[in-house]
Each structure stands twice: as C-alpha cells, then as structure tokens.
Amino acid sequence: MKLYSHHIFILLCFLILLASATKIAKIQWKENVKLQLTYYKGKPVVNSKFYANTNTQLSITITKKQHVTADAVAYFDPYKSWIRPSSPTSVIQHEQLHFDITEIYARELRKQIKVLSLLKMKPEEHKAKLTNLYNTVAHQLRNDQARYDVESKHSLNIPMQKKWADSVAIRLNLLKAYSK
C-alpha cells in the first residue's frame, strides 16, 4: 500500500508540473517581437467599455554582492491581459504601443542606472537611490500610459494614434543604446 501511494504522489507531482509548464510566462519586450492575439490569456471584463486591457510591467532587479548592481526589464503579462474577439485590428496596434512605452521607460531606467553606477557611494545609499529612481520612473510611466489613452481615445483617434506611434518609435530609437 505504501508503494502504491508513493506512485500516486509522484504522478500527481508530475501532473502539477506539466500543468504549470503549459502556462505562458511573462513575455519580455524584444525589438522584433510584436504582441499577438494568442498571447492574451486573461478573461475579458464583461462590463468594460474597452476592447482590451494590456498589462505591462516595469521591473527592476537590484543585487548586492561586493557592490550594488541593477537591471530593468519591460514585461507583458498574458494572464492579466485580455482582448475581446470582436476587437478591430487597430486595437492590437494600440496595445503594442503600451508595451513599447513600457520599454521606453525600461531603457530610461537602464540609462540612469548606468549613471548612478559611476558615482561613489555606500551600498545602502546606492540601493536607496536605485529604489527612488525606480519609483520616479514608474510614476512617469503610469502618467505617460494614461496620457496616451486619453489623447488617442483608446485608439479611436486615428491621427493621434499615428502621432503617438511615430513619437514612440523616435523615443525607442533615441534610447537604443540602452536596449537589451
């Protein structure tokens, strides 16, 4: 009986591992990789007036060994993002720009991390400055994302959507030295 329950336990562990392996992890921003409808795994909000919701995240990793180092990354979270099947094709382009805007701020954060690394300071002070820097940049990101939605009317204002697309492309290019 003991051997039988051990096999069931192993089988259950394997099934749990297999189920978790099929879940798409967060997707890191990449230059030539665009969001696809199939990436959206979240359930659309029934009463939402919007066609989609794209959850992007700006992440910073701070490590302290002999000295403090940091890195910033822009992510897309498939399970916190949703899109209605009946959405116009322009919606995915609008949502892609949200992800691109997050990458702009990841690059800006990497740029400022590099500047901070040149300064001589104690590890605790360096870590505190990095945390403050992240909070400032994350606040700017949230404001820019909100402004984008307001000005483009969530993709419905086509001339403004085009203006934002051009601006984002220029900003990404200006910060190309800080891409991954």
Side-chain angles (χ1 to χ4, degrees), residues 25-36 39-42 44-45 47-62 68-84 87-119 125-180:
K26 291 179 185 175
I27 298 169
Q28 185 175 333
W29 191 95
K30 289 193 171 104
E31 187 79 35
N32 296 314
V33 177
K34 300 298 179 198
L35 294 177
Q36 305 291 320
Y39 294 177
Y40 288 78
K41 301 297 181 186
V45 176
N47 298 330
S48 177
K49 60 183 178 179
F50 303 115
Y51 285 111
N53 180 56
T54 295
N55 183 284
T56 63
Q57 298 164 5
L58 175 63
S59 172
I60 187 171
T61 304
I62 302 171
V68 175
T69 59
D71 189 27
V73 179
Y75 288 107
F76 166 82
D77 190 328
Y79 287 90
K80 292 183 180 177
S81 301
W82 55 266
I83 193 163
R84 293 187 193 288
S87 299
T89 55
S90 61
V91 170
I92 195 80
Q93 295 159 348
H94 175 83
E95 299 305 318
Q96 177 65 50
L97 276 185
H98 278 294
F99 197 15
D100 295 345
I101 291 168
T102 305
E103 174 61 14
I104 287 170
Y105 285 91
R107 290 180 184 189
E108 183 60 42
L109 193 51
R110 286 184 214 117
K111 177 183 172 184
Q112 293 185 38
I113 287 168
K114 188 172 185 175
V115 170
L116 270 181
S117 73
L118 300 174
L119 303 174
E125 181 186 5
H126 193 176
K127 189 174 178 185
K129 287 194 180 290
L130 285 167
T131 301
N132 287 336
L133 174 62
Y134 172 80
N135 290 334
T136 299
V137 171
H139 179 75
Q140 293 168 345
L141 169 61
R142 283 189 300 276
N143 288 343
D144 210 17
Q145 295 281 21
R147 197 172 107 237
Y148 168 51
D149 273 337
V150 167
E151 290 181 4
S152 70
K153 291 189 168 97
H154 299 272
S155 81
L156 299 177
N157 183 333
I158 294 169
M160 190 55 80
Q161 183 67 35
K162 170 80 170 101
K163 186 176 177 181
W164 268 92
D166 293 344
S167 171
V168 165
I170 290 167
R171 292 165 68 191
L172 282 169
N173 194 44
L174 288 172
L175 292 164
K176 194 166 190 73
Y178 302 97
S179 61
K180 288 202 149 259

Which atom names give the shortest non-hydrogen contact between [X] and [Y], and what distance separates them?
X: L175; Y: R107; value: O-CD, 3.4 Å
X: D144; Y: R171; value: OD2-NH2, 2.8 Å
X: R84; Y: P44; value: NH1-CB, 4.1 Å
X: L58; Y: A106; value: CD1-CA, 3.4 Å
X: P78; Y: Y39; value: CB-O, 3.0 Å
X: A72; Y: L109; value: CB-CD2, 3.6 Å

So with a 6.0 Å cut-off around [atom1] of [X], is the heavy-atom count from everything else above 12?
X: K34; atom1: NZ; result: yes
X: Y51; atom1: OH; result: no
X: L174; atom1: CG; result: yes

How far does [atom1] of [X] sit from [atom2] of [Y], to the nearest 0.5 angstrom?
X: H126; Y: T69; atom1: NE2; atom2: OG1; value: 8.5 Å
X: Y40; Y: L35; atom1: OH; atom2: CG; value: 4.5 Å
X: F99; Y: I27; atom1: CZ; atom2: CD1; value: 7.0 Å
X: K111; Y: L133; atom1: NZ; atom2: CG; value: 11.5 Å
X: N55; Y: K80; atom1: CG; atom2: NZ; value: 5.5 Å
X: I104; Y: S167; atom1: CD1; atom2: OG; value: 6.5 Å

Decide yes or no on side chain to side chain contact (heavy atoms under 4.5 Å, CB included) for W29 and T56, but give the supporting numbers first. CA-CA 10 Å; W29 191 95; T56 63; over 6 Å; no
Is there a side-chain contact between [X] and [Y], using heavy atoms and a 4.5 Å cut-off?
X: Q161; Y: H94; value: yes
X: E151; Y: K163; value: no
X: E31; Y: L172; value: no
X: Q96; Y: I92; value: no
X: I113; Y: D71; value: no
X: Q145; Y: T102; value: yes

What's the verdict on side chain to side chain contact (heavy atoms under 4.5 Å, CB included) for V33 and Q28, showing C-alpha distance, side-chain angles and the deciding distance? CA-CA 9 Å; V33 177; Q28 185 175 333; over 6 Å; no
Under 3.5 Å, is there a donor-acceptor pair between the side chain of N135 and the main chain of T131?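 Present.
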For V45 and N53, what are the C-alpha separation, side-chain angles and deciding distance, and is it a side chain to side chain contact (heavy atoms under 4.5 Å, CB included)? CA-CA 9 Å; V45 176; N53 180 56; over 6 Å; no
By side-chain contact (heavy atoms from CB on, under 4.5 Å) - contacts of Q140 (at least two apart):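 side-chain contact (heavy atoms from CB on, under 4.5 Å) check on Q140 returns Y105, T136, V137.
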Does the side chain of N143 come under 3.5 Å of the side chain of H139 through a donor N or O and an acceptor N or O?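 H139 and N143 do have a side-chain donor-acceptor pair below 3.5 Å.
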For D100, which residues count as a salt bridge (charged side-chain N to carboxylate O under 4.0 Å, His left out) partner, sequence neighbours excluded?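 Counting only residues at least two positions away or on another chain, D100 forms no salt bridge (charged side-chain N to carboxylate O under 4.0 Å, His left out).
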Test ring-ring contact (aromatic ring centres under 6.0 Å, His included) applied to H98 and F76, step by step: CA-CA 10 Å; H98 278 294; F76 166 82; over 10 Å; no
R110 and E103 ion-paired at < 4.0 Å: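 Judged by the 4.0 Å cut-off on N to carboxylate O distance, R110 and E103 do form a salt bridge.
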